[in-house]
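Heads up: the structure comes next, in structure tokens.
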Protein chains: 2
Amino acid sequence: MTAERNRASGRPTLEEVALRAGVGRGTVSRVVNGSQQVSARAKQAVEDAIAELGYVPNRAARTLVTQRTDSVALVVFESGERFFAEPFFGRIVQAVSSVLVARNLQMVLMIAQAPEERRRLEGYLTRQHVDGALLLSLHGDDPLPHLLEERGVATVRVGRPMYAERGTFVDADNRAGARDAVGYLRSQGRRCIAAITGPLDMAAGIARLDGYRDVVGDGPVAFGDFSQDSGAAAMYRLLEQYPEVDGVFAASDAMAAGALRVLRQYGRRVPEDVALIGFDDSAIALHTEPPLTSVDQPIAEMGREMVRLLLAKLDGDDEGDAEVVLPTRLVIRESA
Amino acid sequence: MTAERNRASGRPTLEEVALRAGVGRGTVSRVVNGSQQVSARAKQAVEDAIAELGYVPNRAARTLVTQRTDSVALVVFESGERFFAEPFFGRIVQAVSSVLVARNLQMVLMIAQAPEERRRLEGYLTRQHVDGALLLSLHGDDPLPHLLEERGVATVRVGRPMYAERGTFVDADNRAGARDAVGYLRSQGRRCIAAITGPLDMAAGIARLDGYRDVVGDGPVAFGDFSQDSGAAAMYRLLEQYPEVDGVFAASDAMAAGALRVLRQYGRRVPEDVALIGFDDSAIALHTEPPLTSVDQPIAEMGREMVRLLLAKLDGDDEGDAEVVLPTRLVIRESA
DNA sequence: CATTGAGATGGGAGCGCTCCCATGACACGA
DNA sequence: TCGTGTCATGGGAGCGCTCCCATCTCAATG
């Protein structure tokens with residue numbers, strides 16, 4: 001039965017390649033998938049046929065039988081607005097995406113925070129659609145990673161799980177980074193050093209606050225949520241309560257930028273009157289006036305590590321719950 | 001490791017639903033796909049069975065037979081850095097993605113500018129992988145839309161094709177928007193109004209310059225590329241050449257923000273000495289000091305329109321080459 | 001009561017692929 | 001010479017779905 005008539009797509013199939021190469025379907029499949037069990041001659045013939053016909057394997061057919069989708073979700077638990085406003089995400093996405101592309105895996109980007117989006121997302125994240133998921137910006141004690149693992153979807157997250165949960169993760173050493181920054185402020189002779197924190201339902205927010213406390217103990221603290229506006233509001237509160245403040249550690253560059261605006265409004269010079277340090281070493285840090293001293297996270301490397309760990313899980317090289325914590329680096333500019 | 005490939009997913013199949021509902025496979029398929037040719041009783045039974053079993057259709061199987069992937073590419077011809085830096089893209093992505101999600105279509109985001117990424121992208125964009133593509137930020141006379149249409153991949157772009165090419169597109173009325181902005185500057189009594197243009201290999205860049213020229217004719221112009229830095233550089237050049245400038249129309253908010261920085265450096269007060277208007281009405285416009293007067297593009301609506309046009313094409317409601325041009329709106333704040 | 005037609009229904013065929021088993025070819029040692 | 005083991009190979013089976021056609025049901029008509 002030569003099924004050569006009703007091919008709507010016009011693309012050549014495995015079968016046609018086999019015919020052309022004068023071998024069987026199995027052999028072509030073996031060549032395409034890089035099996036060793038093929039004679040050099042057959043391999044050559046198949047490769048020629050593939051080149052001549054311009055054959056590309058049909059992904060749907062392959063997925064149907066292997067139950068593998070060759071695609072990976074990148075899930076961000078933030079509003080779309082926030083996702084695009086915070087440089088951290090952009091950099092992670094780029095890093096992850098470039099590794100994924102190189103491995104011929106498709107990246108499905110999902111941004112979801114609202115309850116209804118969240119529900120849709122949970123419905124979508126099955127073996128049916130993705131092999132694994134990279135989880136960004138998890139809040140609190142989110143049960144999703146657990147749920148996914150139970151469903152057979154491999155997960156890797158950014159940030160150490162907050163409670164007793166387990167799970168593979170990649171993180172920057174936020175606590176040490178914060179410690180370095182605050183230590184630097186102190187070494188520059190600052191006496192009253194305040195912190196503007198990130199959200200405390202996130203591991204990164206807590207760790208950066210811990211790092212601050214490691215150095216100055218119970219100093220003045222105002223709470224933010226990583227966003228620029230929250231940084232401005234926090235700075236405002238700090239100035240009201242602690243007018244003597246002469247050093248500020250903000251847990252994100254965006255918040256530092258917000259703080260900077262408020263400081264200027266209040267006539268405080270940076271760094272003369274108040275020294276200011278941000279976190280992330282993002283583009284924002286370069287574009288403020290003055291440019292921000294900031295803690296650099298190795299974001300590209302974090303992205304690469306995440307994918308590496310995920311692929312290891314997918315390949316079944318089960319290392320259990322792997323943890324990778326990468327060092328940060330203080331980048332000194334003019335704001336402190 | 002157990003190699004229990006078959007039925008690893010554990011998910012119910014069409015066949016099982018049919019069994020449960022006491023009907024045939026065909027009937028279940030009809031219900032799932034919303035066919036009218038089903039009796040109310042059968043429909044009810046099938047729906048119950050689906051609910052009980054938690055059945056979800058297998059996408060790969062469906063794709064295999066229908067040759068439809070139910071996924072749509074959103075392609076951005078910019079560097080990743082630029083993509084995340086410019087608010088326009090974020091807003092479009094959100095709009096497009098929400099419509100797509102509602103229609104149960106998957107969005108594949110592709111950011112590609114480098115030649116090698118470009119090549120990979122061309123290889124990927126086939127009927128094999130996507131049903132259609134939304135094209136953003138096309139430069140010059142890019143042949144890609146043509147190529148894709150030939151391959152049977154439907155396309156809709158943002159921005160009027162630049163040369164004789166045809167193609168379905170959605171656009172804001174950039175020229176009128178620019179005209180309004182510059183007209184407003186003039187109506188405020190500004191005498192020497194300059195323009196900072198976008199890239200002139202893009203339709204939007206040209207149209208905004210045209211709108212400027214409609215009002216002031218052959219006034220002072222400096223060229224940018226929509227980015228903040230290019231705006232700063234352009235402003236710098238303008239001040240050198242035309243120190244008497246008292247109004248500036250920048251073709252993007254990012255460039256306006258850059259210009260603002262330079263104006264401040266040069267001791268020019270905004271808006272007292274120089275009135276400044278941006279374009280996009282993005283978040284940037286709100287966060288500068290003073291907030292920017294800016295031209296609002298109906299981005300969400302553009303996103304929605306793009307998807308609508310694409311779906312119409314996919315459904316074969318061939319309207320030929322549809323064009324949708326949406327009005328802009330001048331949002332007056334403090335910078336002018 | 002027979003006939004007709006419209007609509008509902010079941011299920012075979014087949015989408016393109018991978019998995020796996022039976023087969024064949026060949027070399028080597030007894 | 002005949003096993004015996006090794007390895008390349010072909011092709012059947014089947015993944016879960018849609019398409020389509022043959023069949024069935026039943027009310028309305030002559």
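When reading the values below, keep in mind they use all heavy atoms of this one structure, side chains included, and skip hydrogens, waters and symmetry mates. Convention: sequence-line order gives letters A, B, ...; per-chain numbering from 1. Here the structure is a predicted model, which is why all the values come from computation and not from measurement.
The heavy-atom pair separating G159(B) from F169(B) by the smallest distance is O-CB, 3.5 Å. Minimum interatomic distance between Q113(A) and E117(A) (heavy atoms only, all atoms of both residues): N-OE1, 3.0 Å. Taking both residues in full, the closest heavy atoms of V75(A) and L125(A) are given as CG2-CD1, 4.0 Å, listed atom of the first, atom of the second, then distance.
For R119(B), the side-chain contact (heavy atoms from CB on, under 4.5 Å) criterion is met by E116(B), not counting sequence neighbours. The side-chain contact (heavy atoms from CB on, under 4.5 Å) check on Q94(B) picks up F84(A), with sequence neighbours excluded.
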**Request:** Start with the C-alpha distance between E305(B) and R308(B), add both sets of side-chain angles, then the distance that settles salt bridge (Lys or Arg N to Asp or Glu O under 4.0 Å), and finish with yes or no.
**Result:** CA-CA 5 Å; E305(B) 271 310 297; R308(B) 194 184 62 76; 2.9 Å; yes
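Other residues, nucleotides and ligands place no more than 12 heavy atoms under 6.0 Å from the NE2 atom of H146(B). More than 12 heavy-atom neighbours from other residues, nucleotides or ligands sit within 6.0 angstrom of CD on E78(A).
Heavy-atom distances under 4.0 Å link DNA chain D to no residue of residues 49-60 of chain A.
One interatomic measurement links the two molecules: CG of L19(B) to C1' of dC17(D), which rounds to 17 Å at whole-angstrom precision. Between L64(A) atom CG and dC17(D) atom P there is a gap of 9 Å when expressed in whole angstrom units. Going from atom CD of Q67(B) over to atom C1' of dC17(D) covers 13 Å, rounded to whole Å. The distance from atom CZ of R68(B) to atom P of dC19(D) is 10 Å, rounded to the nearest whole Å. Across the protein-nucleic acid pair, R62(A) atom CZ and dC17(D) atom P stand 21 Å apart, rounded to whole Å. Spacing between atom CG of L14(B) and atom P of dG14(D) amounts to 18 Å, rounded to whole angstrom units.
At a cut-off of 3.5 Å, with distance as the only test, no side-chain donor of Y55(B) or E16(B) sits close to an acceptor on the other residue.
OP1 or OP2 of dC17(D) has not a single side-chain nitrogen or oxygen of S29(B) nearer than 4.0 Å.
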Going 5' to 3' through nucleotides 7-12 of chain C and flagging B where a protein heavy-atom sits under 4.0 Å of the base, S where only the sugar-phosphate is that close, and - otherwise, we get -SBBBB
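Here salt bridge (charged side-chain N to carboxylate O under 4.0 Å, His left out) pairs that include residues 132-155 of chain A, with residues two or more places apart or in two chains, are R118(A)-D142(A), E149(A)-K313(A).
Under the 4.5 Å side-chain criterion, counting only non-hydrogen atoms from C-beta, V23(A) is not in contact with V31(A).
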For nucleotides 23-28 of chain D, print each protein N/O atom paired with a nucleotide N/O atom at under 3.5 Å, atom names and distance only.
none

